[in-house]
Amino acid sequence: MDYEAVIGLEIHSELKTATKIFCGCATTFGAEQNTHTCPVCLGLPGVLPSVNKKVVEFAIKAGLATNCKINKYSKFDRKNYYYPDLPKNWQTSQYDLPIAYEGHVEIDVDGEKKIIRLTRIHMEEDAGKLVHSGTTIKDSATSNVDYNRTGVPLIEIVSEPDMRSAAEARAYMEKIKSILEYIDVSNCRMEEGNLRADINVSLRPVGSEKLGTRTEMKNINSFKALEDAINYEIDRQAEVLDDGGKIIQETRTWNPEKGITQSMRSKEDAHDYRYMPEPDLPPIVTTEEEIENLRKSLPELPDARRERLTKTFGLSDYDAGIITSSRAMAEYFDEVVAGGADAKLAANWMMSDLSKNLNAENLTIENSPVEAKRLSEMILLIQKGTISGKIAKIVFTEMWKSKDSAEKIVKDKGLIQITDTGAIEKVIDEVIAKNQKAVDDYRGGNKKAVGALVGQVMKLTKGKANPQMVNQLLAKKLDA
Ligand code: ADP
Ligand code: ZN
Ligand code: MG
């Protein structure tokens, strides 16, 4: 049987406010256990929470940036469940009146654009963290709980089940990450868990409109795990269905070591949580004017920026998509171009040598050893003909290792391009004299034989001869 995969994502993103959602405790990551706590986030009896205004502002911004409608009257609700990392035994979240709803973003997979709808965005508090003596709760003699993360603000972004493959789900999550970075409301450090996704996957026969039974994988915090878990789950479900079995609606965990999903527990339905309005917090009322002011404060977003780069600089849609995928990358590009570098050269260098080096050392562009200014200066040297593109690769490698400017490296290492006709001709004469066979081949009609001769000239000049001049002068001599 041929199946179609149906995927919906619930993305949790920690907001980068200085303090927690309902108290004044710091949100900083990595502090000593239980040092960022107070009676409010510990859920002690008799305390009263109050809403951090910044959280509401950030959530509305996220809603506007993803084309959502904003609820001018929104409220908090209690989601009740029992777990040691949740001191109050309810999570303050939002149920029927989330801050934002009915949005959409555009994704692009291999040049195919597609709209993914957002159901809603709501605000909630994060839970604490269990620290096990073993590797999992099951094999641990003791588990401690760290409440530092309790009350850290989150937004949950719920998508419609609009994705049909792991690649689409990844593109969607990348787009959400990119938007949240652009509007500067979250650090989006997936490895620290401040951006993570619950993935819902089901299958249905191709052509069927009815949704199949879904399983849910929680807290996926890397793009690789996201794709691997979805692909594994699609195969697993297909096998169950092909064998005449039924999919059980359940929560499964992704085991990255084994590369499989494993059953964890049967899934709760909303009524199991006994949602109820939060009586300790007033509803959140937002005026049209406040919303419009926040809309005006939004920066240029990834899609708009991408379009601008194609229109202004003639970059391909694909290249512009990569350059604008992160705000830091887009800003780096702007700086390189502002320094006078040709936009296409700038994009090429960023997507090739720069990206390769950053990836190899696991660095982000913010921490690039070669700053935008120095890359720009190096590209200017190529444009002026001081160095060839090939020599530039050597210069770039040197710049990566030192703080020197491209110009200094070129001078110190004697890498200046040879553009002196006489000097190049001298080498050409030498090469022609020593490579009679290639010369005869060329003159006998095999024009490709010139390649070997060009190669020899470049070798003898250590790559410094201007390649266009070498080609021209060689052809002139050989055709004479
Ligand atoms: P819950 O919190 O119970 O998981 P939500 O409504 O918050 O429920 O989230 C459900 C998520 O699962 C949404 O992203 C939705 O698009 C997705 N989803 C719902 N039904 C299916 C299905 N049959 N197959 C795949 N995804 C689904
Ligand atoms: Zn607190
Ligand atoms: Mg869910």
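Note that ligands are numbered from 1 as they come in the structure, with each ligand's atoms numbered from 1 the same way. Keep in mind that the numbers below use all heavy atoms, side chains included, and drop hydrogens, waters and symmetry copies.
- Annotation for ligand 1: atoms under 4.0 Å from non-hydrogen atoms of Glu160 are 16 (O).
- The shortest N or O to N or O distance between Arg214 and ligand 1 is under 3.5 Å.
- Taking every non-hydrogen atom of Leu211 and a distance limit under 4.0 Å, the qualifying atoms of ligand 1 come out as 23 (N).
- With a 4.5 Å cut-off on side-chain heavy atoms, Ser368 and Leu363 do not count as touching.
- Of all the atoms in ligand 1, the ones that sit under 4.0 Å from a non-hydrogen atom of Leu9 are 14 (O).
- None of the N, O or S atoms belonging to His36 lies under 2.8 Å away from the Zn ion (ligand 2).
- With a 4.0 Å cut-off on non-hydrogen atoms, Asp162 does not touch ligand 1 at all.
- The Pro161 neighbourhood of ligand 1 comprises atoms 16 (O), 26 (N), 27 (C), with distances under 4.0 Å to a heavy atom of that residue.
- Using a 4.5 Å heavy-atom cutoff, the side chains of Asp77 and Glu278 are not in contact.
- In this structure the side chain of Arg236 reaches within 4.5 angstrom of the side chain of Thr261, judged on heavy atoms.
- Contacts between Asn200 and ligand 1, counted as non-hydrogen atom pairs separated by less than 4.0 Å, involve both the backbone and the side chain.
- In this pair, Trp349 and Phe396 present their aromatic rings tilted. The plane angle is within the 30 to 60° band.
- Atom NZ of Lys311 has 12 or fewer neighbouring heavy atoms from other residues, nucleotides or ligands inside a 6.0 Å radius.
- With ligand atoms numbered from 1 in the order given, ligand 1 contributes 24 (N), 25 (C) to contacts under 4.0 Å with heavy atoms of Val6.
- Set against the non-hydrogen atoms of Ser202, the atoms of ligand 1 under 4.0 Å away are 22 (C), 23 (N), 24 (N), 25 (C).
- Per-residue contacts place Gly212 under 4.0 angstrom from the following atoms of ligand 1 (heavy atoms of the residue considered): 23 (N).
- At a cut-off of 3.5 Å, with distance as the only test, a side-chain donor of Arg214 or Asn200 sits close to an acceptor on the other residue.
- Heavy-atom contacts from other residues, nucleotides or ligands closer than 6.0 Å to NZ of Lys75 number more than 12.
- For ligand 1, the atoms closer than 4.0 angstrom to any heavy atom of Ser159 are 13 (C), 14 (O), 15 (C), 16 (O).
- Contact between Ser222 and Ala225 at its shortest, heavy atoms only, is OG-N, 3.0 Å.
- The CD atom of Glu181 sits 8.5 Å away from atom CG of Leu195, with the distance rounded to the nearest 0.5 Å.
- Every N/O-N/O distance between Thr213 and ligand 1 stays at or above 3.5 Å.
- Annotation: angle subtended at the Zn ion (ligand 2) by Cys38 SG and Cys25 SG is 100°, to 10°.
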